[in-house]
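The structure appears right after this line, and notes come after that.
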Amino acid sequence: MNNRILVTYATRSGTTRGVAEAIGKCLSEADATVEVQPMKDVSDLASYDAVVAGSAIQGQKWLPEAMQFLRNQQVELAQRPFAAFMVCITLSMANAEQYREGLKAWMSPVRGLVRPLSEGYFAGALDLSRLPFSFNGLAMRLPVLMGIWKAGDHRDWTAIRTWAESLRAELLA
Ligand SMILES: Cc1cc2nc3c(=O)[nH]c(=O)nc-3n(C[C@H](O)[C@H](O)[C@H](O)COP(=O)(O)O)c2cc1C
């Protein structure tokens, strides 16, 4: 038995790639061959037994290219074990736990296309020097100035690993 698992991600500034790589590393320690790829480079799922897909959150949504990936691969994803994760800054807040249930709604459009066997919710990172000079990028600076969000890398590698370990039973045949 040597399952082939794809861990695929959509990112704007790299945080979600790091989360995907950590998930991939953990799964590869089980009886699996794991590939970690950006969604934009994935066109065919035929060679994979299971898929883990994750996106950075912007405006309380998966990135548009991540939703497009799900639409393009909806049939293929429904035919194999599928898990989904998101990376956002809300979960870095001191009182994040009170938002955890509510932000599961951000996964609803994903569930509407393909129902994941498991969902992972992770704190990301905010690098003010890398925020775009768009309206949304400027809007992101405001909660930082107000002290609601803190700049920096808030990824919780233990939480990410714990979720990835829980996936082994779900994804490996
Ligand atoms: C324009 C913009 C909008 C964002 N909107 C949200 C949001 O609505 N909720 C949230 O919790 N985080 C939001 N974030 C924070 C990102 O999800 C977080 O910084 C994440 O780690 C970025 O991942 P990436 O480096 O893979 O792109 C936003 C970030 C940016 C730049």
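Indexing begins at 1, ligand by ligand and atom by atom, following the structure's order. Note that the structure is a prediction, hence the values are computed from the model and not measured.
With a heavy-atom cut-off of 4.0 Å, Leu131 touches ligand 1 through its side chain alone. The part of Ala125 lying near ligand 1 is the backbone, judged by heavy-atom distances below 4.0 Å. At a heavy-atom cutoff of 4.0 Å, ligand 1 is contacted by no atom of Phe135, backbone or side chain. Of the heavy atoms in Met140, only side-chain atoms (C-beta onward) come closer than 4.0 Å to ligand 1.
Protein heavy atom closest to atom 9 (N) of ligand 1, with residue, atom name and distance, is Trp106 CH2, 3.6 Å. For atom 8 (O) of ligand 1, the nearest protein heavy atom (residue, atom name, distance) is Gln60 N, 2.8 Å. With respect to atom 23 (O) of ligand 1, the closest heavy atom belonging to the protein is Ala56 CB, 3.3 Å. In this structure, the protein non-hydrogen atom closest to atom 5 (N) of ligand 1 is Gly59 N, 3.0 Å. Looking at atom 27 (O) of ligand 1, its nearest protein heavy atom turns out to be Arg12 N, 2.8 Å. Atom 13 (C) of ligand 1 has its closest protein heavy atom at Ile57 O, 3.5 Å. Among protein heavy atoms, the minimum distance from atom 11 (O) of ligand 1 is reached at Thr90 OG1, 2.6 Å. Protein heavy atom closest to atom 24 (P) of ligand 1, with residue, atom name and distance, is Thr11 OG1, 3.3 Å.
Ion pairing between a basic and an acidic side chain is recognised when a charged N comes within 4.0 Å of a carboxylate O; Lys25 and Glu21 show no such pairing. Salt bridge Glu35/Arg4: present, at least one basic N to carboxylate O contact under 4.0 Å.
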Derivation of the side-chain contact (heavy atoms from CB on, under 4.5 Å) call for Ile5 and Leu167: CA-CA 11 Å; Ile5 300 179; Leu167 290 183; over 6 Å; no

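Residue contacts with ligand 1: Ala10 is placed with no nitrogen or oxygen under 3.5 Å of a nitrogen or oxygen of the ligand (distance criterion only). The distance criterion of under 3.5 Å between nitrogen or oxygen atoms is met by Gly14 with respect to ligand 1.
Atom CD of Gln98 has more than 12 heavy atoms from other residues, nucleotides or ligands within 6.0 Å.
In this structure, Gln73 contributes its side chain and Ser43 its backbone to a donor-acceptor pair below 3.5 Å.
Within ligand 1, the atoms closer than 4.0 Å to a non-hydrogen atom of Gly124 are 21 (O), numbered from 1 in the order shown. The ligand atoms of ligand 1 that sit less than 4.0 angstrom from a heavy atom of Asn136 are 1 (C). The Val87 neighbourhood of ligand 1 comprises atoms 17 (O), 21 (O), with distances under 4.0 Å to a heavy atom of that residue. Near Leu126, with a cut-off below 4.0 Å to any heavy atom, the atoms of ligand 1 are 19 (O).
Atom CG of Asp156 is separated from atom CG of Leu91 by 10.0 Å, given to the nearest 0.5 angstrom.
Of all non-hydrogen atoms in Gly18 and Trp157, the two that sit nearest each other are O-CZ3, 3.7 Å. Here the closest heavy-atom approach between residue Leu126 and residue Lys150 is recorded as CB-O, 4.4 Å.
For the pair Arg111 and Phe82, the cation-pi test (distance below 6.0 Å, angle within 45°) is failed.
Using a 4.5 Å cut-off between side-chain heavy atoms of Ile, Leu, Val, Met, Phe, Trp and Tyr, with links allowed through other members, Val110 and Val42 fall into the same hydrophobic cluster. The hydrophobic cluster containing Val51 does not contain Val36, counting ILVMFWY residues as joined when their side-chain heavy atoms lie under 4.5 angstrom apart, directly or transitively.
Ring to ring, Phe122 and Trp163 are close: their centroids are under 6.0 angstrom apart.
For the ligand labelled ligand 1, residue Tyr9 lies outside the 4.0 Å heavy-atom shell.
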